[in-house]
Number of protein chains: 2
Amino acid sequence: MKPIDEIDRKLLNELQVNSRITIRELSEKLHLSTTPIHERIKKLEKGGYIKQYVTLLDPKKFDKKLMVYISVSLRDHAKEAVEAFEQEIEQLDEVMECYYISGSSDFLLKVFCDDMDGFHDFITNKFSTIDNITQFYSSFVMYGSKVKYDFKL
Amino acid sequence: MKPIDEIDRKLLNELQVNSRITIRELSEKLHLSTTPIHERIKKLEKGGYIKQYVTLLDPKKFDKKLMVYISVSLRDHAKEAVEAFEQEIEQLDEVMECYYISGSSDFLLKVFCDDMDGFHDFITNKFSTIDNITQFYSSFVMYGSKVKYDFKL
DNA sequence: CGTGAAACTAAAATGAT
DNA sequence: ATCATTTTAGTTTCACG
């Protein structure tokens with residue numbers, strides 16, 4: 001697909017940090033009428049540049065007070081075994097992100113739990129019942145000093 | 001602030017996965033008129049339940065083809081030294097997330113770069129110039145088998 | 001690719017229950 | 001706290017430059 005120009009960049013920079021901005025507001029900020037703004041957004045959606053418009057909640061307001069990164073090592077690294085692991089992870093609501101990584105472990109998981117009791121329950125009753133895990137290491141997040149979702153375009 | 005009820009939960013579940021949904025659509029899905037939907041959203045925003053409406057882009061479409069997790073160990077763990085490190089990280093556009101964690105390292109960083117050359121440049125010219133870093137370990141993300149931003153409410 | 005206006009659709013404010 | 005209505009604002013399409 002055709003490359004993105006300066007107007008698209010400005011458009012996306014606004015949308016990244018506020019997805020509920022109106023087309024009117026965007027047209028004023030970019031000094032264009034609403035028509036090209038509307039058409040460009042549709043084009044960027046169809047072209048796959050825009051993946052999703054999401055609402056970020058405050059996890060702590062919903063009792064998700066604990067964020068944990070878990071490094072996981074598997075025993076069997078065959079394609080089927082890895083995919084089976086991924087499918088099991090897919091079922092777990094607590095796992096927000098799961099990445100296949102290079103290095104000393106195989107997967108890195110970002111997990112949200114209510115608290116330590118909830119994490120204990122997650123590990124004993126859900127996570128550690130998954131076969132093919134040889135070992136895992138949990139890093140508890142004490143706080144986030146930087147969290148953003150927008151790229152500098 | 002007062003607790004969230006079943007209607008708020010449904011509302012937030014819809015908004016989490018599509019922040020550009022209209023109030024009308026929400027009113028149809030929840031079998032309510034637009035007024036309470038509108039008021040509830042405003043209340044959830046003011047109450048801090050809703051943090052931000054963001055647009056997620058496809059990093060690969062913007063040449064951010066490499067995602068790397070970096071575990072960082074610091075030499076000095078005094079409050080001022082840790083805050084100084086955080087402030088340096090704040091300046092780096094490549095760092096999307098930075099967490100202070102428990103365990104064998106101090107910080108975990110999520111970093112996006114164009115490619116290996118870009119990562120090399122980031123490490124040599126930006127990251128490793130930060131004082132107080134004793135060692136760091138990079139895990140390259142080969143792929144994400146699960147990435148979501150919505151909590152099950 | 002862009003403008004500007006028309007027609008359509010939705011949001012916000014109001015008063016009533 | 002919700003509904004029905006009105007007013008205000010935003011979206012979308014189209015003829016045209």
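Keep in mind that what you see is a predicted model, and the values were worked out from it rather than measured. For the numbers below, each heavy atom of this structure counts, side chains included, while hydrogens, waters and symmetry mates do not. Chain letters run A, B, ... following the sequence lines, proteins first and then strands; every chain starts at 1.
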> Could you write nucleotides 4-17 of chain D as a row of B, S and -, 5' to 3', where a protein heavy atom under 4.0 Å of any base atom gives B, of only sugar-phosphate atoms gives S, and otherwise -?
Replying inline: B-----BBBBB---
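- Whole-Å rounding puts the B:Asp8 CG to D:dA1 P distance at 10 Å.
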> What dot-bracket string describes DNA chain C from 5' to 3', counting Watson-Crick and G-U wobble pairs whose defining distances are under 3.5 Å, with [ ] for crossing pairs and | for pairs to another strand?
Replying inline: .||||||||||||||||
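- With sequence neighbours excluded, the residues forming a salt bridge (Lys or Arg N to Asp or Glu O under 4.0 Å) with A:Asp8 are A:Arg40, A:Lys43, listed by chain and number.
- One atom, CD1 of A:Ile41, and another, P of C:dC1, lie 17 Å apart when rounded to the nearest Å.
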> Between B:Glu25 and B:Arg20, does a salt bridge (charged side-chain N to carboxylate O under 4.0 Å, His left out) hold up when you go through it step by step?
Replying inline: CA-CA 10 Å; B:Glu25 271 185 274; B:Arg20 284 185 72 87; over 6 Å; no
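- Pairing each heavy atom of A:Ser105 with each of A:Ser71, the nearest pair is OG-CB, 3.5 Å.
- Rounding to whole angstrom units, CG of residue A:Leu44 and C1' of C:dC1 are separated by 15 Å.
- To the nearest 0.5 Å, the span separating CZ on A:Phe107 from CD1 on A:Ile133 amounts to 10.0 Å.
- For the pair B:Leu109 and B:Val95, the tightest heavy-atom approach, listed with the atom from each and the gap, is CG-CG1, 4.1 Å.
- Partners of A:Asp121 according to the salt bridge (Lys or Arg N to Asp or Glu O under 4.0 Å) rule, which considers only residues two or more places apart in sequence or in another chain, do not exist here.
- If you take NE2 of A:His31 and P of C:dG2, they are 15 Å apart, rounded to a whole angstrom.
- Residues passing the salt bridge (Lys or Arg N to Asp or Glu O under 4.0 Å) test with A:Asp58: none are found, sequence neighbours excluded.
- Distance A:Leu26 CG to C:dG2 P: 14 Å, rounded to the nearest Å.
- Within the 4.0 Å cut-off from OP1 or OP2 of C:dC1, not a single side-chain nitrogen or oxygen of A:Arg40 is found.
- Among the heavy atoms of the strands, none lies under 4.0 Å from B:Ile37.
- Residues satisfying the salt bridge (Lys or Arg N to Asp or Glu O under 4.0 Å) test with A:Glu14, not counting sequence neighbours, are A:Lys29.
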